[in-house]
Amino acid sequence: MDKIIEVTGLTKAYGNVQAVRGLDFYVERGKLFAFLGPNGAGKSTTIDILCTILAPDGGEVRVDGHRLGKEDAAIRNTIGVVFQDHLLDPLLTVEENIRTRAGLYGMGGHQLQQAVQNAAQIADVTEFLRRPYGKLSGGQKRRADIARALVNTPQVLFLDEPTTGLDPQTRKGVWESIRALQRDTGLTVFLTTHYMEEAAEADYVIVIDHGEIAARGTPTALKAEYASDQLRLAPSDEPALLAALAAQGLSGTCVAGAVVVKLAATMDALAILQHVQDYIKGFEVLNGTMDDAFIGITGREIRE
Ligand code: ADP
């Protein structure tokens with residue numbers, strides 16, 4: 001397996017606050033990797049360290065083979081970063097913003113022009129390259145941010161909540177651009193997000209809490225382990241339904257006119273339905289989601 005990021009025993013404290021308490025993980029090359037956790041879990045601290053912005057207290061980090069603390073310039077050349085508050089110059093056009101960034105990498109002439117064109121094409125901003133950044137819509141701005149981060153043809157792209165603050169439709173568009181970019185270029189994407197439906201599409205997920213890894217796995221594995229399926233029953237006779245469930249040793253929770261029973265396994269729904277069919281007018285079985293898994297892992301909603 002090709003590990004593009006390897007983190008061992010990473011620690012960082014701010015005074016008495018132990019923000020990161022010994023993280024061990026790796027990211028496989030070419031994958032969409034989601035790094036999740038509730039507020040204050042230590043995500044930003046970890047990402048800032050990986051991006052060479054913040055020095056760790058202890059541990060080892062390698063990015064594409066380069067050792068953090070020894071080869072930071074090489075790491076910076078290997079990564080592209082889009083932070084939420086990374087705004088481009090509003091008065092410059094998208095192209096001028098990207099060119100300025102390319103200049104910082106020491107590019108010039110034809111190479112610079114080529115790099116700008118490539119980044120613009122991959123991030124799908126060619127249509128509005130000549131427009132001032134300040135005049136773009138939220139979704140266009142985010143794509144321009146990504147284009148700028150791609151100008152040095154990075155191996156890893158860090159995206160810190162790339163779709164937060166966008167309306168649902170724009171969010172979907174930006175998310176689709178990110179997915180296409182990762183699929184088509186084989187770029188490794190290191191993502192943080194508050195949207196569990198995005199995390200559900202990642203190849204691999206790590207959940208951190210209180211500076212430690214609370215769970216890791218594919219979305220499918222995490223859902224199977226931490227989220228349960230639900231049987232939602234529409235009662236025709238609610239008291240009789242609850243009594244029939246109780247007689248089977250089951251408890252139902254009343255939610256918005258429905259009675260919800262947690263299932264250990266999806267197929268358990270069949271036997272329950274047989275017992276209660278006289279007291280219901282309908283039912284549905286809902287599979288556990290990444291949201292449920294996140295709550296199962298951390299005991300909290302991601303936004304709490
Ligand atoms: P997240 O990104 O998951 O919300 P952070 O990495 O920002 O978490 O924070 C982890 C912990 O470290 C929190 O308890 C936070 O209050 C604390 N922390 C973060 N940055 C600083 C700082 N500059 N000074 C002091 N404490 C900080």
Side-chain angles (χ1 to χ4, degrees), residues 5-27 31-63 68-69 72 75-76 79-87 142 145-146 149 154 156-166 171 174-175 178 188-217 219 222 226-227 289-304:
I5 298 177
E6 281 189 271
V7 175
T8 325
L10 188 68
T11 56
K12 176 73 186 178
Y14 303 98
N16 291 331
V17 180
Q18 195 66 46
V20 174
R21 306 164 184 256
L23 292 184
D24 297 297
F25 68 92
Y26 60 83
V27 178
K31 297 293 166 79
L32 177 60
F33 176 87
F35 192 62
L36 310 177
N39 286 335
K43 299 181 299 293
S44 305
T45 302
T46 306
I47 292 179
D48 287 354
I49 293 171
L50 299 185
C51 295
T52 78
I53 296 166
L54 185 69
D57 295 339
E60 262 200 38
V61 174
R62 279 178 190 275
V63 180
L68 186 82
D72 289 4
I75 292 179
R76 283 194 285 273
I79 63 176
V81 181
V82 180
F83 286 130
Q84 271 183 76
D85 49 2
H86 248 201
L87 290 178
R142 214 54 65 91
D145 297 343
I146 293 173
V156 188
L157 182 64
F158 286 88
L159 298 173
D160 190 12
E161 298 194 20
T163 59
T164 295
L166 302 175
R171 189 150 70 75
V174 170
W175 179 246
I178 293 169
T188 310
V189 174
F190 189 115
L191 170 85
T192 69
T193 180
H194 274 126
Y195 298 108
M196 290 300 110
E197 66 271 29
E198 293 175 358
E201 290 187 23
D203 293 305
Y204 199 81
V205 174
I206 284 189
V207 181
I208 66 165
D209 200 6
H210 306 296
E212 291 174 317
I213 292 180
R216 63 175 90 207
L222 292 178
Y226 295 100
T289 62
M290 267 308 285
D291 273 297
D292 300 330
F294 189 86
I295 294 168
I297 293 163
T298 63
R300 282 176 283 171
E301 300 259 7
I302 194 156
R303 286 195 178 282
E304 268 174 29

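Counting convention: from 1, in listed order, for ligands and their atoms alike. Worth saying up front: this structure is predicted, and the values here are computed from it rather than measured.
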query = Does Arg171 make a cation-pi contact with Tyr195, if we ask for NZ or CZ under 6.0 Å from the ring centre and within 45° of the axis?
reply = yes
task = Check each protein residue for a heavy atom under 4.0 Å from ligand 1 and list those that pass, ordered by chain and number.
result = Tyr14, Val17, Ala19, Pro38, Asn39, Gly40, Ala41, Gly42, Lys43, Ser44, Thr45
inquiry  = Quiz question: by atom type and distance under 3.5 Å, do the side chains of Asp48 and Thr45 form a donor-acceptor pair?
reply    =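 Their side chains do not contain a donor-acceptor pair, so the 3.5 Å distance test is not met.
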inquiry  = Side chains of Glu201 and Trp175 only: does a donor on one sit below 3.5 Å from an acceptor on the other?
reply    =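 Looking only at side-chain atoms, Trp175 and Glu201 do form a donor-acceptor pair, the distance falling under 3.5 Å.
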Pair Lys43 + Glu161: basic N to acidic O under 4.0 Å =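 So Lys43 does not pair with Glu161 through a salt bridge.
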inquiry  = Any side-chain to backbone donor/acceptor pair from Glu198 onto Ala200? Under 3.5 Å, distance only.
reply    =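 Not a single qualifying donor-acceptor pair exists.
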task = Identify the residue among Phe158, Tyr26, Tyr204 that makes a ring pair (Phe, Tyr, Trp, His ring centres under 6.0 Å) with Phe190.
result = Phe158
